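Quick notes on the structure that follows.
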2 protein chains.
Amino acid sequence: MKRLFTYRLCLIGFKRKGFDRVYSYTLGESAGASAEQVRKDFSIFKITGNKRGGYKIDELLSAIEDIIKHQEDQYMIIVGMGNIGRALVQYKRFKLRKMIIVASFDVDPSKQSKRWNIPVLPMEMLEDIIKKFHVKIAILAVTEISAQDVANRLFDLGIKGLLNFAPIILKTPDDVVVNNINLCDELESVIYYTQKVLE
Amino acid sequence: MKRLFTYRLCLIGFKRKGFDRVYSYTLGESAGASAEQVRKDFSIFKITGNKRGGYKIDELLSAIEDIIKHQEDQYMIIVGMGNIGRALVQYKRFKLRKMIIVASFDVDPSKQSKRWNIPVLPMEMLEDIIKKFHVKIAILAVTEISAQDVANRLFDLGIKGLLNFAPIILKTPDDVVVNNINLCDELESVIYYTQKVLE
DNA sequence: TCATGTTTGTGATATCATTCACATATAAAA
DNA sequence: TTTTATATGTGAATGATATCACAAACATGA
């Protein structure tokens, strides 16, 4: 599944370079997987190519889109307007992927201005917005101190998917999906493997 | 390896809550792994607990630190002062983990002010800084258009580890470690699994 | 001090993921 | 049209990870 996203990325790259076909070998090379891996992955999802001719990039891309599909706009909120929250609010790429941030929230009233393209609201308005836009997905970018409390509140209000930037493993109900991004750990992992490569 | 970071996170959490011991079951529960998994992981790294008494959190933590170890400060640079670059420059947590961002870079002269605690320099100064601080690790937060070019330049200047936020799979020399973070994909993956959980 | 219940540490086993190997299809060239 | 070289698609083999099952250790309470 993770690889599907990588393939898509590579395919977009190939398309930009003017190709209209790829071979499992080419794609694998660029995505960091073996050719067989690529073909197996596709066969699992019943994506089929052309013997001898490889895969047509456009067909492949739309097949992948179908699997990852959410054709409709996905409304989302961001909670926590610190460094990361602010960066994400302004991140333009979300819109291209039909991911719409309808509002952001922060406890700090001084952050509740409308300097950004998206309103920064007080926490009391969480319920209103979530109900109004039927928000199911939230981005959590608060401190680790308040992360669990805020998360609980979001779960109570019906949030079912969370992208969590707080450096803490949240306790979550079974029917909620959480994806943790810990920037320090990601960097630390780079450092670790770099040191290993350098013997 | 990935789990080691998760364990550390959980252990810090337990410590904050006042515990001084954990059991494989407790830790696994909180880290999203089975108890056996936790013990196996530890046994691989020769981390040993106390039968019946579990593991002492402090000992465990320092054992994990030893494995992930980089006791010395790690000097790093950030290239690209867009939304993400700016957020990372201000991200305070890096310092706590001995990861020091010595400078950031951007092609856009208008961004080369000293508003931040860290200087924003023109690309021409890359070599100077990398040489001066013996920088081996870089964070890439430029657009996908220029990402490959900038990356190549960094590799030429001796960068061996890269945390890449550009939505592109980079071509890299064998002795370079790259860790990709694609925010859209991370969010999309949340959406995907959330839809799945909701049947 | 001893018995007891609990938790670790780890081979054996099972599950999952990747690679191999090759039959099959087919685009392109002759 | 026929040949041929090249890719796919997929079972079988291998390798990697996770779970099971249980003996050994030892805190704790009687």
Side-chain angles (χ1 to χ4, degrees), chain A residues 1-8 10-11 14-15 17-64 66-68 169 174 180 189 192-193 196, chain B residues 1-8 10-11 14-15 17-64 66-68 169 174 180 189 192-193 196:
Chain A
M1 188 62 214
K2 188 99 198 293
R3 280 196 300 265
L4 230 52
F5 289 107
T6 309
Y7 295 151
R8 175 166 65 171
C10 294
L11 289 169
F14 281 124
K15 210 177 156 181
K17 280 178 194 154
F19 295 97
D20 64 336
R21 285 177 170 189
V22 279
Y23 306 119
S24 57
Y25 178 79
T26 330
L27 183 54
E29 166 100 0
S30 130
S34 69
E36 302 89 333
Q37 181 89 86
V38 172
R39 298 201 298 273
K40 256 280 152 67
D41 287 343
F42 288 169
S43 90
I44 287 166
F45 290 108
K46 306 265 179 274
I47 295 175
T48 163
N50 186 311
K51 303 208 175 194
R52 179 75 208 264
Y55 303 85
K56 286 197 178 161
I57 291 182
D58 283 330
E59 287 177 15
L60 247 187
L61 269 173
S62 71
I64 292 177
D66 278 354
I67 295 163
I68 310 177
I169 304 295
D174 289 341
N180 295 299
S189 139
Y192 178 80
Y193 287 111
K196 262 202 156 171
Chain B
M1 188 61 212
K2 189 99 199 293
R3 280 198 299 267
L4 231 52
F5 288 108
T6 309
Y7 294 151
R8 175 167 65 170
C10 294
L11 289 169
F14 281 124
K15 209 177 157 183
K17 281 179 193 153
F19 294 97
D20 64 336
R21 285 176 170 189
V22 279
Y23 305 120
S24 57
Y25 178 79
T26 330
L27 183 55
E29 165 100 1
S30 132
S34 69
E36 302 89 331
Q37 180 91 86
V38 172
R39 298 202 297 272
K40 258 281 155 64
D41 287 343
F42 289 169
S43 91
I44 287 166
F45 290 109
K46 307 266 179 272
I47 295 175
T48 165
N50 185 311
K51 304 211 173 188
R52 179 74 208 265
Y55 303 84
K56 285 197 178 164
I57 291 182
D58 284 330
E59 287 176 15
L60 247 187
L61 269 173
S62 70
I64 292 178
D66 278 355
I67 295 163
I68 310 177
I169 303 296
D174 289 342
N180 294 299
S189 139
Y192 178 79
Y193 288 110
K196 261 202 156 172

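Here is the naming used below: chain letters follow the sequence lines, and residue numbers restart at 1 for every chain. The basis for the numbers below is simple: all heavy atoms, side chains too, and nothing from hydrogens, waters or symmetry mates. It should be emphasised that the depicted structure is a prediction, and the values quoted were computed from it without experimental measurement.
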Check your understanding: Hey, mind stepping through D58(B) and K15(B) against side chain to side chain contact (heavy atoms under 4.5 Å, CB included) and telling me if it holds?
Key -> CA-CA 8 Å; D58(B) 284 330; K15(B) 209 177 157 183; 3.1 Å; yes
Exercise for review: Select from D41(B) and T48(A) the residue whose nearest nucleotide in DNA chain D is closer to the 5' end of that strand.
Suggested key: T48(A)
Review point. What is the nucleic acid contact for Y55(B), judged by heavy atoms within less than 4.0 Å: base, sugar-phosphate only, or nothing?
Key: sugar-phosphate
Exercise for review: Scan Q37(B) against the nucleic acid and name what it touches under 4.0 Å (heavy atoms): base, sugar-phosphate only, or nothing.
Suggested key: sugar-phosphate
Can you find a donor-acceptor pair, distance only, under 3.5 Å between [X] side chain and [N] base?
| X | N | answer |
| --- | --- | --- |
| K51(B) | dT7(C) | no |
| R52(A) | dA7(D) | no |
| K40(A) | dT19(C) | yes |

Measure the distance from [atom1] on [X] to [atom2] on [N] and round it to the nearest whole Å.
| X | N | atom1 | atom2 | result |
| --- | --- | --- | --- | --- |
| L60(B) | dG9(C) | CG | P | 10 Å |
| I47(B) | dT8(C) | CD1 | P | 13 Å |
| Y23(B) | dA25(D) | OH | C1' | 14 Å |
| M1(A) | dC16(C) | CE | C1' | 18 Å |
| I44(B) | dT8(C) | CD1 | P | 16 Å |
| L27(A) | dG9(D) | CG | P | 13 Å |
| Y25(B) | dC20(D) | OH | P | 13 Å |

N/O (side chain, [X]) to phosphate O (OP1/OP2, [N]) under 4.0 Å:
| X | N | value |
| --- | --- | --- |
| S24(B) | dT8(C) | yes |
| R39(A) | dT8(D) | yes |
| S34(B) | dA18(D) | no |

Revision key, fill the gap. Which of L60(A), N50(A), T26(A), L61(A) passes side-chain contact (heavy atoms from CB on, under 4.5 Å) with Y55(A)? It is L60(A)
Check your understanding: Is the closest side-chain heavy-atom distance between L27(B) and F42(B) below 4.5 Å?
Key -> yes
Check your understanding: Do T6(B) and N180(A) have side-chain heavy atoms sitting under 4.5 Å apart?
Key -> no
**Study point:** Nearest to side-chain heavy atoms of R21(A), which nucleotide of dA21(C), dA27(C), dA27(D)
**Key:** dA27(C)
Exercise for review: Assess whether side chain to side chain contact (heavy atoms under 4.5 Å, CB included) is satisfied between Y192(B) and L4(A), documenting all intermediate values.
Suggested key: CA-CA 12 Å; Y192(B) 178 79; L4(A) 230 52; over 6 Å; no
Exercise for review: Could you say whether N50(A) or A33(A) is positioned toward the 5' end of DNA chain C, judged by the nucleotide with the nearest heavy atom to each?
Suggested key: A33(A)
